[in-house]
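Down below is the structure, laid out as structure tokens.
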Amino acid sequence: MSDNAPEVLISEDRIQTRVAELAAQISSDYGDIAELVMIGVLKGAFIFLADLSRKLSIPRTIEFIAISSYGKKSAPSGAVRLVMDVRGNIEGKHVLIVEDIVDTGHTLKYLMGMLGSHRPASVKTAALVRKAESAEVDVTIDYLGFDIGDEWVVGYGLDYAEQYRTLPYIGVVKPANIQAR
Ligand code: 5GP
């Protein structure tokens, strides 16, 4: 690992253990349903979705959705825009939204409303990381990996300016690396 590598906040081992626990919980909660439709939020959730889906012991299919958000803190809830919708029909299906990180909560709240309008049988949420102190809206995370403080994290799908997504751990970018960009 180079000196410039982000500082480890949540190690690869801890992530893998927690993802296995979440998968076991989800498999047990959904029991013998015909099919769980997992909807990953691009781009950040692609690795979490890949690992989580492969550890489930229930029938599942994979969809992706892409959104873009304008602004950050204190942005109005309408500041989230759909860029790519799900391809399959989710009406009457059990849906699990898979998010990388929940910060203010606006994105997840928007997605729950938007996907709910397709009349699925149920909608639940999974997020690997939550910044609990940053919540601006009340949104339920049914399956949560880790709570962290208010700092910009990268790795395991998460980026800083499209860098670091493929790191196996979650880390914090050192200030020197941010200034260098
Ligand atoms: P929210 O709508 O909950 O405020 O923001 C959720 C989105 O903001 C996430 O899906 C992610 O794209 C982005 N985000 C928030 N905090 C971080 C962070 O610390 N690192 C990265 N890479 N993305 C973040």
Side-chain angles (χ1 to χ4, degrees), residues 1 4-12 14-16 18-19 22 37-53 62-86 95-117 123-181:
M1 190 187 296
N4 287 335
E7 236 167 77
V8 177
L9 186 67
I10 307 170
S11 70
E12 181 176 4
R14 283 183 66 203
I15 294 173
Q16 292 304 329
R18 188 72 189 119
V19 171
L22 292 175
V37 182
M38 305 179 77
I39 303 183
V41 186
L42 292 174
K43 298 179 189 170
F46 81 111
I47 291 180
F48 179 39
L49 176 67
D51 283 352
L52 186 66
S53 62
I62 306 297
E63 294 278 348
F64 284 102
I65 206 162
I67 47 99
S68 75
S69 28
Y70 298 111
K72 278 281 301 160
K73 307 281 178 195
S74 307
S77 49
V80 182
R81 186 170 62 93
L82 185 67
V83 173
M84 187 187 89
D85 206 345
V86 287
V95 165
L96 180 65
I97 303 172
V98 181
E99 253 284 37
D100 46 6
I101 185 164
V102 177
D103 185 2
T104 62
H106 286 303
T107 304
L108 199 51
K109 183 149 192 158
Y110 167 83
L111 288 175
M112 289 188 72
M114 197 275 291
L115 293 169
S117 71
V123 182
K124 282 189 168 188
T125 56
L128 186 68
V129 178
R130 171 176 64 183
K131 295 183 184 175
E133 298 153 24
S134 309
E136 289 181 4
V137 289
D138 201 16
V139 60
T140 302
I141 303 173
D142 298 289
Y143 304 101
L144 174 66
F146 304 93
D147 267 322
I148 62 166
D150 187 12
E151 52 197 340
W152 193 262
V153 289
V154 297
Y156 201 70
L158 292 159
D159 77 315
Y160 170 72
E162 291 303 324
Q163 301 301 302
Y164 308 118
R165 285 196 197 277
T166 55
L167 284 177
Y169 61 92
I170 290 180
V172 180
V173 185
K174 293 177 183 167
N177 291 22
I178 293 174
Q179 279 153 22
R181 295 193 169 274

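Values reported hereafter were calculated over all heavy atoms of this structure, with side chains retained and with hydrogens, waters and symmetry mates removed. Numbering of ligands and ligand atoms starts at 1, following listing order.
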Side-chain touch Gln16/Asp51, heavy atoms, less than 4.5 angstrom: yes
Please determine whether any non-hydrogen atom of Val154 lies less than 4.0 Å from an atom of ligand 1. no
Glu99 heavy atoms, cut-off 4.0 Å: which ligand 1 atoms fall inside? 10 (O)
Within-cut-off N or O pair, Tyr160 and ligand 1, under 3.5 Å: no
Yes or no: does Glu151 have any heavy atom under 4.0 Å from an atom of ligand 1? yes
Do Tyr110 and Leu82 have side chains that get closer than 4.5 Å, going by heavy atoms? yes
Min N/O separation Leu158 to ligand 1 under 3.5 Å: no
Between Ile65 and Asp85, is any pair of side-chain heavy atoms under 4.5 Å apart? yes
Side chain to side chain, Val173 and Gln163, heavy atoms closer than 4.5 Å: no
Please examine the side chains of Met38 and Leu49, heavy atoms only from C-beta on, and report whether any two atoms are closer than 4.5 Å. yes
For a 4.5 angstrom cut-off between non-hydrogen side-chain atoms, does Leu128 reach Val19? yes
Can you list the ligand 1 atoms lying under 4.0 Å from a non-hydrogen atom of Asp159? 21 (C), 22 (N)
Tell me whether ligand 1 is touched by Gly44 - counting only heavy atoms on the residue side and a distance under 4.0 Å. no
Per-atom contacts, ligand 1 versus Lys131 - under 4.0 Å to a heavy atom: 16 (N), 17 (C), 18 (C), 19 (O)
Under 4.5 Å between any side-chain heavy atoms of Asp159 and Lys43, yes or no? no
Could you say whether the N/O atoms of Leu108 and ligand 1 ever approach to under 3.5 Å? no
Selected option - heavy-atom contact closest to atom 24 (C) of ligand 1, from Tyr110, Tyr156, Trp152: Trp152
When you look at NZ of Lys124, are more than 12 heavy atoms from neighbouring residues, nucleotides or ligands closer to it than 6.0 Å? yes
Option whose closest heavy atom lies nearest to atom 15 (C) of ligand 1, chosen from Thr107, Ile67, Asp103: Asp103
Which one holds for Glu136 and ligand 1: side chain close, backbone close, both close, or neither close, with close meaning a heavy atom under 4.0 Å? neither
